[in-house]
2 protein chains.
Amino acid sequence: MVTIKDVAKHAGVALSTASYALSGSDKVSPKTRELVLQAAKELNYQKNGFAMDLKRKSTKTILLILSDLSGPYYSELIRGTQEVTLSNGFDLIACSSVGGADSTAYKFLQERRVDGAIVLDPNISEHLLRESAREGCPIVVMDRYVEGDFIMNVAADNVQGGYEATRYLMEKGHRDIAWIGGPSNSLGSQHRKEGYLKALQEEGIVNTKWMLVGNFTEEGGYHSTKVLLMQEEHPTAIFYGNDEMAIGGYKALREFGLSVPEDVSIVGFDDIQVAEYLSPPLTTVRQPKYEMGTMAAHLVFQAMGGEYVNKSYKLKIELIERLSCQPPRLAPNRGKGMET
Amino acid sequence: MVTIKDVAKHAGVALSTASYALSGSDKVSPKTRELVLQAAKELNYQKNGFAMDLKRKSTKTILLILSDLSGPYYSELIRGTQEVTLSNGFDLIACSSVGGADSTAYKFLQERRVDGAIVLDPNISEHLLRESAREGCPIVVMDRYVEGDFIMNVAADNVQGGYEATRYLMEKGHRDIAWIGGPSNSLGSQHRKEGYLKALQEEGIVNTKWMLVGNFTEEGGYHSTKVLLMQEEHPTAIFYGNDEMAIGGYKALREFGLSVPEDVSIVGFDDIQVAEYLSPPLTTVRQPKYEMGTMAAHLVFQAMGGEYVNKSYKLKIELIERLSCQPPRLAPNRGKGMET
DNA sequence: GAAATTTATCGAAACGTTTCGATTTGTTTT
DNA sequence: AAAACAAATCGAAACGTTTCGATAAATTTC
């Protein structure tokens, strides 16, 4: 392997001079710079990034940890973080926590290989986060809440989202609204449910029969919906903890000969790409993913500058109205949002 | 920052002993190991990965370069590479070429920060690839063809895909089949078109009016379809270079009051997630993405072992039949696949 | 044209690890 | 109890850079 030493020798200068020349310092005269560059080219010299980082004590890269590196959910978010990172002259690399303690995420976090991290991954333990966050490596955690030095939090206002979606259904006249949530370890899902319950409570509605959990997958939504429909009484609307589950719901409903929105209204959560192409297009709650991404990245850089303005941020959420909801057909007497 | 030196001092042993203890070597006695581990914990010691890599002269990570880190296209492919990488005890990180020569991709490739790379990104120059590939860092390039030492290629058999899709339409009785391709720098698109032309030629069909280019986006498909429909004669079927463009096509057709598949049949390419949820569900050509991912990763490891069995691999492709095609309504006399 | 100043180059230390060979300690053999 | 051996620990070199302080060369000043 050709090193800077070889380049220096080949160019007939000292190692240190070669280093200066290669890094474009103006301490070196134009003609020696040329000489060195030429030598480097001839030998096909490629610098060793580690050695550099080791000496410089900073890596200029920030790490994005995702739960599986492949979900459709992340697109916009990644785009956001990437833009900010790049414009700060830093690099962004992504990895996943697949593999548990042997995962790339663990290694990079524990081995001080990055100058900051953005974590969107429920699998990374709080312990690891607290252990890894430090001066020189701030961490922003998304969609969950973890407290600690050099740790900040960014999340969508899931409570608000859950509340508004439910409210929206109620204003269309629904009172029998089912909830099919995500896995219980998802803080986001919990909060959405919280908003849902709050809306219900305001109207004095008590729902005990129609609260199920899926696991945020299409499969899960499908099955949960099926058990829901096998009960004797049906709700007139279903609120799903995310869009994937709503897709599963569509399928289950179709199998039961029920149509959306005539027989049951549906609202999802997330606004993934598919949502608008479903038939009927899915009314859902959009998370400001791009904004969350940029926000997270900005926070990292702010923290690097020593500013820890605030530890926790909540971003507003937006209801996207499409065609999967309408007033319930069997309760015309309940009016259209007049009961408030 | 606490280093192994501090740990050694705190534990009252030599630096080298501390190193042995921390890396679990059996050269060290159980009780000193305990001692060192204890000291490390007390000081919250975290090893510096770079220093290690520098000494070890290998990084045990492989890099996945994508054009934007966020396309829905990649999901399965990433999953494939990830599984193989992980089971080889290596790490996988992903990055994009956004930012050109300042991009993370360039930096990591040029600075010998990884032991291998998988590139699915038309923006990375062949020059850079050839320069970066070397003993100790093989590179697998996907969906394009680049020749060079330590470089291998993996692609779907796009010619076959284009051929089969067209053949399928012809067997339904179509003869007037339009092609809306991707950007001209996409080798995949070129190959698909090649297959398309070959199928046409076999039947002695010459199509000159209905060949357009989009840019692989929904927007592009929409516009190309519109200009296609503004001509006086319409084709009875359209074959799109990818699914995104087909989605744009659906929209344009709807605007022209034409319905799929009654008025015009459509087939796409890729089988992205949305495809099956469109109405009507899109008939398309599925690329074996997961297999491509695993294949690429396997090749990297094989190459690390010094085996360069073969430089180029083509994977078979599969037609996914859904509901966007039917025989053309205005040419019942042309039969149903009888003309072969 | 010698002294003072600037500019260009050099040597060496440092970054935090791993690992080789040497030394010390402890255990077994005679 | 000394000799022979194994086990545990240590010191130092090495990995490939960057960068500080020192030296040498070139330029300016008087």
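When reading the values below, keep in mind they use all heavy atoms of this one structure, side chains included, and skip hydrogens, waters and symmetry mates. A, B, ... follow the sequence lines: proteins, then strands. Residue 1 opens every chain.
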Go through the side-chain N and O atoms of [X] and [Y] and say whether any donor and acceptor fall under 3.5 Å apart.
X        : Y        : value
B/Gln38  : B/Glu34  : no
A/Thr59  : A/Asp115 : yes
B/Gln302 : B/His298 : no

Can you tell me how far apart CG (A/Asp102) and OG (B/Ser87) are? Round to the nearest 0.5 Å. 12.0 Å
Minimal heavy-atom distance between A/Leu63 and A/Leu109, with the atoms involved, is CD2-CD1, 4.2 Å
To the nearest Å, how far apart are B/Asp26 CG and D/dA8 P? 9 Å
For A/Phe150, does the six-membered ring have the charged nitrogen or CZ of A/Arg134 within the cation-pi criterion, i.e. under 6.0 angstrom from the centroid and within 45° of the normal? no
When you measure from the side-chain N and O atoms of A/Ser29 to the phosphate of C/dT7, is any distance below 4.0 Å, counting only OP1 and OP2? no
State which residues pass side chain to side chain contact (heavy atoms under 4.5 Å, CB included) with B/Lys27; sequence neighbours excluded, sorted by chain then number. B/Tyr20, B/Ser25
Enter the inter-axis angle for the ends of the helix from C/dG1-D/dC30 to C/dT30-D/dA1 (five pairs per end, rounded to 10°). 40°
Would you mind building the protein contact string for nucleotides 14-19 of chain C? One character per nucleotide, 5' to 3', B for base within reach (heavy atoms under 4.0 Å), S for sugar-phosphate only, - for untouched. BBBBBB
Mapping A/Lys27 and B/Gly12 to their closest nucleotides on DNA chain D, which lands nearer the 5' end? B/Gly12
Contact check, side chains of A/Pro138 and A/Val300, non-hydrogen atoms, under 4.5 Å: yes
